[in-house]
Amino acid sequence: VRLLNLLIDMYAKCSSIESAVAVFQSIERPSRHSWNCLLVAYIRCRCLAEAKATFDHGMPQRCVISWNAMLSAYATAGRVGSAGELFGKMPATSIASWNAMLSGSVHNGYCFDRARAAFFDRAPERNTVGCSILVAAYAARGDLRSARCVFDRMPEWDIVSSTAMVQAYAGAGRLEQATKEFQAMPQRNLVSWNALVAVHAHHGDTAAARAAFHRMPCHDVLSWSTLVLACARGGGGDARLVFDAMPQRDVVSWTGMMQALAEAEAMDEARAAFCRMPQHSTVAANVAMQSYVRRGELGDAVRLFQAMPERSPVTWNAMVSGYGQAGLMDQARATFDATPSRDTVSWNALATAYYQCGRLGMVEATFSRMPSRG
RNA sequence: CGACUCCGAUGACUCGUC
């Protein structure tokens, strides 16, 4: 039975829900553990409805782990309200429950301080997981001071918390501190190494990115793709060499390669890369569109925009600012009005477009119409 | 008495800020 439980878990990690369910059904007397494995399998494979059915009336008994699994399912789906409701009904909680709530609420735009107070400060206990969630969240918000404050108070550190701290330093532009923290880490793994390469890539330091890449003991697609991006950004023209040397490529590497070509003004090759990509993605189309905008070829950008099967919020925002840069304020405004879900970037883009078109009065008007902050 | 199942860190695109 234990082996079969393990099998369910393995299939779930491969998103092969049918196989996972089949293994579960082959167990004649499933244990509580088996039921949890099945529940987690549904969650991992994004079958929320089945997970809920299993949780509500499938499993003979539920333990904290089952509750936590459902909590995190809702939280990662962005349904913090449902998660909170469930949290309130729990007969007993564990640290993982509090951490799941913390993670869900800091990632889904609720008031950060309230989330922290409710699920971290007021939690019965805290561990490295909860602290890492906070450090990472502060890093993402660019709040180095608060990240450090949490990090420095931790009783002990692990790879995850240290990697988050490396990101926090790098995000604040403190490259020396970031590398120092990296060297001070208790251990390193693939993720922390990848993070370091990404830090250098983001900073435009191709040489450092490459050096880190060659020092790491092993690589995955993500490491390689990050290096391609570093080359694309640094403009060294070596992106192609890296790309060709990759053992396997994914959407990101293809997109990075295309971007490198576009930035090197090799538009024909960039176009060819776009067409040869095995999978198309909205991001790749956005990158292509943006290349046109940067070259002042707005007609091509618009054509691409109209032809895109899917548009993300980024697509809409990029189009608004593309029109703005071209001085086509009416089109910028029309695109903004047509944007399905406006975010802070949309509003800033609109204000900037007005500014670029010399309509200073409208800049002010836009700011006063903005829903909130930014 | 342990082990297994639940929570945290890594890559691409848009405005502004540094």
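Values below: every heavy atom of this structure, side chains too, minus hydrogens, waters and symmetry copies. A quick note: this is a predicted structure, and the numbers were derived from the prediction, not measured. Chain naming here is simple, since letters A, B, ... match the order of the sequence lines and numbering starts at 1 in each.
Residue A:Val40 is classed as a sugar-phosphate contact, given heavy-atom separations below 4.0 Å to backbone atoms only. Among the heavy atoms of the strands lying under 4.0 Å from A:Thr255 is at least one base atom, whether or not backbone atoms are also near. Among the atoms of the strands shown, base atoms are found under 4.0 Å from some heavy atom of A:Leu222. Heavy atoms of A:Asn189 sit under 4.0 angstrom from at least one base atom. Within 4.0 Å of A:Ser223, counting heavy atoms only, lies no atom of the nucleic acid at all. Within the 4.0 angstrom heavy-atom criterion, base atoms lie near A:Val283. Note on A:Ser72: only backbone sugar-phosphate atoms sit closer than 4.0 angstrom, heavy atoms only; bases stay farther off. Among the atoms of the strands shown, only primed sugar atoms or phosphate atoms (P, OP1, OP2) are found under 4.0 Å from some heavy atom of A:Ala318. Contacts of A:Asn127 with the nucleic acid, taken as non-hydrogen atoms under 4.0 Å apart, are absent.
Contact check, A:Arg233 against B:rC13: a side-chain N or O comes under 4.0 Å of OP1 or OP2. For A:Arg44 and B:rC6, the shortest distance from a side-chain N or O to OP1 or OP2 is below 4.0 Å.
Comparing B:rC15, B:rG11, B:rA9 by their closest approach to the side chain of A:Thr163 singles out B:rA9. Each of B:rG11, B:rU5, B:rC15 was ranked by its minimum atom distance to the side chain of A:His33; first place goes to B:rU5. In this structure, the nucleotide among B:rA9, B:rU5, B:rC13 sitting nearest to the side chain of A:Asp9 is B:rU5. For A:Gln167, whose side chain is taken as the heavy atoms from C-beta onward, the closest listed nucleotide among B:rA12, B:rC6, B:rA9 is B:rA9. Listed nucleotides: B:rG8, B:rA12, B:rG11. Nearest to the side chain of A:Asp250: B:rG11. With B:rA9, B:rC7, B:rC15 as the choices, the nucleotide that has an atom nearest any side-chain atom of A:Gln290 turns out to be B:rC15. Taking the side chain of A:Ala349 as heavy atoms from C-beta on, and the options B:rC7, B:rC15, B:rU10, the nearest nucleotide is B:rC15. Nearest to the side-chain atoms of A:Val160 among the listed nucleotides B:rG8, B:rC6, B:rA12 stands B:rG8. Among B:rG16, B:rG11, B:rG8, the nucleotide with an atom closest to any side-chain atom of A:Thr352 is B:rG16.
Between A:Phe213 and A:His219, the ring-plane angle classifies as parallel under the 30° and 60° cut-offs.
Here B:rU10 presents its C1' atom at 14 Å from NE2 of A:His200, a figure rounded to the nearest Å. The separation between A:Arg249 atom CZ and B:rA12 atom P is 20 Å, rounded to whole Å. In this structure, CE of A:Met90 is placed 13 Å from P of B:rC7, rounded to the nearest angstrom. Spacing between atom CE of A:Met308 and atom C1' of B:rC13 amounts to 10 Å, rounded to whole angstrom units. Atom CZ of A:Arg126 and atom C1' of B:rG8 are 16 Å apart (whole Å). When rounded to the nearest whole Å, the span between CE of A:Met258 and P of B:rG11 equals 19 Å. Protein atom CZ of A:Arg174 is 17 Å distant from nucleotide atom P of B:rC18, rounded to whole Å. For the pair A:Phe87 CZ and B:rC7 C1', the interatomic distance rounds to 12 Å; values are reported in whole Å.
Taking the centre of each ring, A:Trp67 and A:Phe87 stay at or above the 6.0 Å mark.
Residue A:Glu364 places its CD atom among 12 or fewer non-hydrogen atoms of other residues, nucleotides or ligands, all under 6.0 Å distant.
Using modelled atom types, one side-chain atom of A:Arg311 and one backbone atom of A:Phe305 make a donor-acceptor pair closer than 3.5 Å.
Between A:Glu263 and A:Arg233, no side-chain nitrogen of the basic residue sits less than 4.0 Å from a carboxylate oxygen of the acidic one, so the salt-bridge criterion is not met. Salt bridge A:Arg210/A:Asp238: present, at least one basic N to carboxylate O contact under 4.0 Å.
Residue order along RNA chain B, read from the 5' end via each residue's closest nucleotide, puts A:Leu6 first among A:Leu6 and A:Ile95.
For B:rG8, the base has a donor-acceptor partner in the side chain of A:Ser132 [N/O atoms by modelled type, under 3.5 angstrom].
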Derivation of the salt bridge (Lys or Arg N to Asp or Glu O under 4.0 Å) call for A:Arg174 and A:Glu176: CA-CA 6 Å; A:Arg174 314 290 318 238; A:Glu176 23 3 270; 3.5 Å; yes
